[in-house]
Amino acid sequence: MRRAASSGVLVIMGSGETSPTMVTLHRRLVRGLGTDRPEAVLLETPYGFQENVADISARAQGYFSRSVDLRVSVLPGMRGHDDGGADVDGGLAALRTADWIFSGPGSPSYALEHWRHGPVARALRERVAARRGVTVLASAAAATMGRFAVPVYEIYKVGAVPRWLDGLDLLGGLGLDVAVIPHYDNTEGGTHDTRYSYLGERRLAVLEEALPVDAAVLGVDEHSAVVLDLVAETVEVTGRGGLTVRRAGRSWVLTSGTTATLADLRALVRQGRREPVPPPATVRIPAQPPARPVPPTLSELAAECERRFAAGQQGRDSAEMVRAVLELEAGIEEWAADTEEDDGTKQARAVLRTLIVRLGDVATVGLRDPGERLRPLVEPLIALRQRLRDEHAFPTADLIRDALNAGGLELRDTGRGTEWSPYPPAGD
């Protein structure tokens, strides 16, 4: 039987697993396998209940093929309730021998229902224990990795009482007695707290009270990843955010760029015993900035393109306005493969439509300063009005002033002479 490559890497991604923000890391992980044609597989169980499961898988495969140059096969028989007679044994065999495994968005509780006490959990635990291959678990799949897991949908969408599920405990063998919470710094709620994978502070505090005294929470921010090298026993934090170790309301944050040892991480997880009323505190562990800047999220790109468009319009730079529109359109296309249900795409498309409408308005009225166009006509009339005033022919001079006002021009008589300008558009 073919054995998986022996690179021994386990990756926890908070979100953005099939977005531009994770391309560099994915490429690096694949290069680390040391083989030109790695056996790469996609485990689609977390979203296996969705009607568009095939489309989500196809988008993920397209992303890895196009952006990472990695051909990924979908494991048969791994959807859960509705596998349609797929070859489950073949899927399990491929899972055990794959060089690279990926699983991502969906429902943690649905994934656990089909993994926890079956061959998938055993295969993943054996893989981690043997320190072989690359295993990338993101979003919902990442939430299954600890000894405890959050039923996100049930709590946030259905209103179930906050409780822990038994997780896969893939990290237990590394000495990490934890619950993994992806989307840790989520801000989609706007006016309400959606941090901690939509739990918010109140519900996370309730769940913390139910943890064993020596357990902790590992929180992975959005568009961030924690790379556990199981052979070198190192921990690397990369991406836009960081890794938070939280115990009883106290937090230690390993920022992006941090490299530590597994022993360091174990020490943070096991920090002391729970105090009756622990003081809230957050300790940030600084790190060197990443060697390469992380690409902006789609929401950030939309905001930047909107700013550049406005600056171009103000500076009467039509080329810059067009570049902003085209860059935003290209960004939306690049993010189209992201398998997360991300409101950023809807927001970006709304911004794009607005910029196109504004570009059409500009094409109608033009960018050129209206004063420049009107100067050859207005200046002689201003001079004539001044001459009439000098000759005390004020009624006639006032007729010229009124005609210019009616034409949309404002006249201001100053000690330096008469100054004029078009009236600003309504609403400015």
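This one's a predicted model, so the numbers in the text were calculated from it and none came from an experiment.
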Looking at [X] and [Y], what are the two nearest heavy atoms and their distance?
X	Y	value
M145	L137	CG-CD1, 3.5 Å
A225	L25	CB-CD2, 3.5 Å
G91	M78	C-CE, 3.8 Å
V220	G14	CG1-N, 3.5 Å
P105	P46	O-CB, 3.2 Å

Do any pairs count as a salt bridge (charged side-chain N to carboxylate O under 4.0 Å, His left out) and have a residue in [range], sequence neighbours left out, and if so which ones?
range	value
residues 20-30	R28-E236
residues 146-157	R147-D177
residues 296-306	R240-E300, E304-R307

N/O donor-acceptor pair under 3.5 Å between [X] side chain and [Y] backbone:
X	Y	result
W164	L207	yes
S15	H183	no
D169	G172	yes
Y156	L199	no
R127	A98	yes
E208	A248	yes
R247	V213	yes
T97	A93	yes
T255	G242	no
T194	G189	yes

Just distance, no hydrogens or angles: give the donor-acceptor pairs under 3.5 Å from side chains in residues 351-358, sequence neighbours left out.
residue	atom	partner	partner atom	Å
T354	OG1	A350	O	3.0
R358	NH2	Q313	OE1	3.2

Does some side-chain heavy atom of [Y] sit less than 4.5 Å from a side-chain heavy atom of [X]?
X	Y	answer
V53	R79	yes
V9	V11	yes
H223	S19	yes

State which residues pass side-chain hydrogen bond (donor to acceptor under 3.5 Å, both in side chains) with [X]; sequence neighbours excluded, sorted by chain then number.
X	value
S107	S109
D166	none
S197	none

Whether the R132 and S7 side chains hold a donor-acceptor pair (N or O, under 3.5 Å, no angle test) is what I'd like checked. no
Does the side chain of W115 come under 3.5 Å of the side chain of T144 through a donor N or O and an acceptor N or O? no
Could you pull out all residues at least two apart from [X] that satisfy ring-ring contact (aromatic ring centres under 6.0 Å, His included)?
X	answer
F64	H26, W100, F102
F309	none
Y47	none

The test is side chain to side chain donor-acceptor pair (under 3.5 Å); show your working for E44 and S57 and say whether it passes. CA-CA 7 Å; E44 59 186 358; S57 295; 2.5 Å; yes
List the steps and the verdict of side chain to side chain contact (heavy atoms under 4.5 Å, CB included) for L174 and L230. CA-CA 9 Å; L174 305 177; L230 306 179; 3.8 Å; yes
Who passes salt bridge (Lys or Arg N to Asp or Glu O under 4.0 Å) against R163, sequence neighbours left out? none
Test of understanding: with side-chain contact (heavy atoms from CB on, under 4.5 Å), list the residues that count as partners of D185, not counting sequence neighbours.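 side-chain contact (heavy atoms from CB on, under 4.5 Å) check on D185 returns D221, E222.
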Test salt bridge (Lys or Arg N to Asp or Glu O under 4.0 Å) on E233 and R131 and set out the steps. CA-CA 10 Å; E233 295 210 339; R131 290 163 165 73; 3.7 Å; yes
Which of these, V217, D214, D264, V245, sits in a side chain to side chain contact (heavy atoms under 4.5 Å, CB included) with V269? V245
Go through S299 and Q347 one step at a time and tell me if the side chain to side chain donor-acceptor pair (under 3.5 Å) criterion holds. CA-CA 7 Å; S299 295; Q347 175 195 355; 3.1 Å; yes
